[in-house]
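Just so we're on the same page: letters track the sequence lines, and every chain starts at 1. Any value given below was found using the heavy atoms of this structure, including those in side chains, with hydrogens, waters and symmetry copies removed.
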Amino acid sequence: MTDSNTQSAPRGDVHRWSRTLIPTTREAPSDAESAGHQLLVRAGYIRRVGAGMYNYLPLAWRVLRKVSQIIREEMNSAGAAEMLMPALEPIELMKQTGRDEAYGDNLFRLTDRHGRTIALAPTHEEIITDMMKGAVSSYKQLPINLYQIQTKFRDEFRPRSALLRGREFIMKDAYSFHTTIEGPGGLNEAYDAMHRAYVNIFTRCGLDFTVVEAESGPIGGSASHEFMVNCESGEDTILRCPQSGYAANVEKCETGERKWSFEGDPTGDLDKVHTPNLPGIEEVGKFMKVKPPNMLKTIVFQTATTPQPSPPGRGQGEGSLISSSSPTSSPSSSPPSSGQGKGSSSTASSPTWILTVVRGDHEVNESKVKDAAGAPVQIADEKQAKQAGFAIGYVSPRAILERTGAILIIDPDAARAIDETKGKPMFWATGADEPDHHVKHFNWRRELGAILDDPSRVKVADIRNAMAGDPSPRAEGATLEAARGIEVGHIFKLGTKYSEAMGFTVLDQSQQRNPVIMGCYGVGVSRTMQACVEMSHDDDGIVWPHAIAPYHVHIIPMKLEPDSEHMRTAEKLAKELSENGLDVLIDDRDERPGVKFKDADLIGCPLRITIGDKALEQGCVEVKKRSEGGKGEMVKVEEAVRVI
RNA sequence: CGGGGUGUAGCGCAGCUUGGUAGCGCGUCUCGUUCGGGACGAGAAGGUCGUAGGUUCAAAUCCUAUCACCCCGACCA
């Protein structure tokens, strides 16, 4: 009643089922595959509008607001300030950084009445950098960290799994600006603060999650982390070391040391086999009766000639090309590889070939190849490679021999001559360097000879995706374990990629102009909601954690007459609970009890209070936790609020 | 963009092969009986069969085109 009371504990909501919209259904739509998708639809949280577009019904919106609120509180206390940017963005802004090309068809474009092209922003690096450029010019105004919670648009090839990959989704994106990397006010400090804030956010949301190292940005080092909700139905694969706690995305995951040696006896004479029309390793292996772990896969890379498709992965050299930042100065729509780039002189003639070798059952990792080669690389253009004489599909490590400029990078598991487990020479099959042929009994030393000892031509390095069972990079003797996850957060050190491309500089103490150092930090808000359901449900429905449940308490009175003791008790309890800051849903529908119980389980509020004759006779109500089975326990009406 | 598949009542589906009155379950509405884990009976409403064209006396059904959506493969919160 007093103001001071309501301040210390904000009053919760009391809503009646009959006055809101909760359209539950017995059956899920046929397109819903994952448990989370099915339950969100069945429990009346979301309804599909079109591919990758969803209505957030009242229950969903309540959850989303709670997630957003937690994010706000943690972002604000980590020193960030909330703002709001437009979803519409002039295409010229994205041209300045080349991301209109980099995003390609994933970028929604529309044409206004004057014929201008407008983008629906997929993220806001350009908009905020452009804005900051006009607002900040001195080191004294930094650091600063700005965020917004807003709808984003991406024209996904294939929207999937409702909110997990929609074409329109709610995201919190934050951008920090600094003059230094290290030290007070530097990027690292803000990055660490965001890391802590994210741990707080997802912990408070009640999620079971793992922080993993992700693909690092242009600055290098451990510059990017992903926050993964642990869930078998997740799309991402992560690897963990149970001893050291190290965890990383497959693409990023390092491996511990693996032994290798080229020295060992051949298993027999080189034997050429005709293998016509066999597309993959699997098929060739079956045909030759060789298992993929006994095959060498040689993949041809070349030095990169076009910008990498992923926004953060572009070469460092390019950003600095564009020093002026006014929209008119950006050169038409040509990709930034044209013209005066330092890489273009070499790429204009012929690319440098990088031959990579991994075992047949392994996958090459492009970014590890890049690290090993010390230069940006891309999968070789098939036409160019064929012109250069590569029998694409049938290349063997021997292809290095006639090519003076090329280098050969071999994964340790492929660089073997002895099969340790059998104590015998290692049997290898590989391509024959001519179409439709493979060879058996490949032996490194015999086939390649002295070139193996030339470090400028041949390297052994980790260049493949890690797998479960690989040695841990952080603990001797430990092996990596695989798990699945749903990415709900990603923090990133951007460096000067955007500030350089857009000419955002500030003056330092010595009146020097320096490009601003940036970080960006995202949370998928709508995705978080569904990830939580994927992670936390049972056969009967959703099981919300307290912090983001649409209502904390779900009251089911058996009799609905306005002056019945059931309803009076329900309303009295609801009032007291709400005064204690709890949100309450009263199921006042004229439905049979079974229906109400089923629906209560479906929508998944953490606590259920059932008000029925038997209990009331003893002055009690039944209080049941959604996370527990059974009928719940009898609690005196007067004590119910306190118990809860 | 490749490969596979589906469009029929609000939702889930049958009917199509072999053209001939558009059906079932759930849900919705009315009346009655029920009332602590998705009740029962009786009745009722609700469909341009994705769209356009064609074949035919006649098309949900056959043909052509087109659109939308879903599933499996490359990027991302």
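Comparing B:rG5 with B:rU64, their P atoms sit 15 Å apart, to the nearest whole Å. For the C1' atom pair drawn from B:rG50 and B:rC69, the interatomic distance equals 10 Å after rounding to whole Å. When the P atom is compared between B:rC16 and B:rG73, the two are found 34 Å apart, to the nearest whole Å.
For A:R42 against B:rG12, a side-chain-to-base donor-acceptor contact under 3.5 Å is absent. Contact of A:D599 with B:rG38 (side chain to base): a donor-acceptor pair of N or O atoms is detected under 3.5 Å. Side-chain atoms of A:R608 and base atoms of B:rG37 include a donor and an acceptor less than 3.5 Å apart. With hydrogens and angles ignored, a donor-acceptor pair closer than 3.5 Å exists between the side chain of A:E622 and the base of B:rG36.
Between A:Y191 and A:H195, the two ring planes are tilted [angle within 30° to 60°].
To the nearest angstrom, P of B:rA74 lies 17 Å from CG of A:D105. When rounded to the nearest whole Å, the span between CZ of A:R589 and P of B:rA39 equals 12 Å. Atom CD in A:E591 sits about 14 Å away from atom P in B:rC40, given to the nearest Å. In this entry the distance linking CG of A:N55 with P of B:rC11 reads 13 Å, nearest Å. Atom CG of A:D601 is separated from atom C1' of B:rG36 by 13 Å (rounded to the nearest Å). We find that CG of A:D31 is positioned 16 Å from P of B:rU6, with the value rounded to whole Å. Rounded to whole Å, the distance from CH2 on A:W17 to P on B:rG38 is 16 Å.
A donor-acceptor contact closer than 3.5 angstrom is absent between the side chains of A:D155 and A:Y103.
For the side chain to side chain contact (heavy atoms under 4.5 Å, CB included) criterion with A:F227, the lone passing option out of A:I491, A:V212, A:I201 is A:I491. The only member of A:I609, A:I603, A:L607 that meets side chain to side chain contact (heavy atoms under 4.5 Å, CB included) when paired with A:H554 is A:I603.
Backbone-only contact: A:R48 has heavy atoms under 4.0 Å from sugar-phosphate atoms and none from a base. Contact annotation for A:G50: no contact, since no heavy-atom pair falls under 4.0 Å across all strands. At a threshold of 4.0 angstrom between heavy atoms, the contacts of A:L602 include nucleobase atoms, whether or not backbone atoms are also involved.
For A:R165, whose side chain is taken as the heavy atoms from C-beta onward, the closest listed nucleotide among B:rG38, B:rA74, B:rG12 is B:rA74. When distances run from any side-chain atom of A:K624 to the nucleotides B:rG37, B:rG12, B:rA39, the shortest one goes to B:rG37.
One finds no side-chain N or O of A:R26 lying less than 4.0 angstrom from the OP1 or OP2 phosphate oxygen of B:rG12. Within the structure, every side-chain polar atom (N or O) of A:T25 is placed at least 4.0 Å from both OP1 and OP2 of B:rC11. Proximity of A:R592 to the phosphate of B:rA39: a side-chain N or O atom is located under 4.0 Å from OP1 or OP2.
Residue whose closest nucleotide on RNA chain B sits further toward the 5' end, between A:K614 and A:I170: A:K614. Comparing A:E156 and A:F597, the nucleotide of RNA chain B nearest to each residue sits closer to the 5' end for A:F597.
In this structure, the ring of A:W61 has its center no less than 6.0 angstrom from the ring center of A:Y54. Between A:H490 and A:F492, the ring centre distance stays below 6.0 Å.
Nucleotide B:rA74 is matched to nothing when pairs are restricted to Watson-Crick or G-U wobble geometry with both distances under 3.5 angstrom. Across all strands shown, B:rG12 forms a Watson-Crick or G-U wobble pair with B:rC24, both key distances being under 3.5 Å. The nucleotide B:rA42 finds its pairing partner in B:rU30, both defining distances of the Watson-Crick or G-U wobble pair being shorter than 3.5 Å. Base pairing analysis places B:rC69 opposite B:rG5; the two distances defining the Watson-Crick or G-U wobble pair are each below 3.5 Å. B:rU56 is unpaired under the criterion used here, namely a Watson-Crick or G-U wobble arrangement in which both key atom distances are under 3.5 Å. Pairing partner, B:rU48: none, since no Watson-Crick or wobble contact has both distances short of 3.5 Å.
Inter-residue side-chain proximity for A:N145 and A:Y175 is flagged as unmet; no heavy-atom pair is nearer than 4.5 Å.
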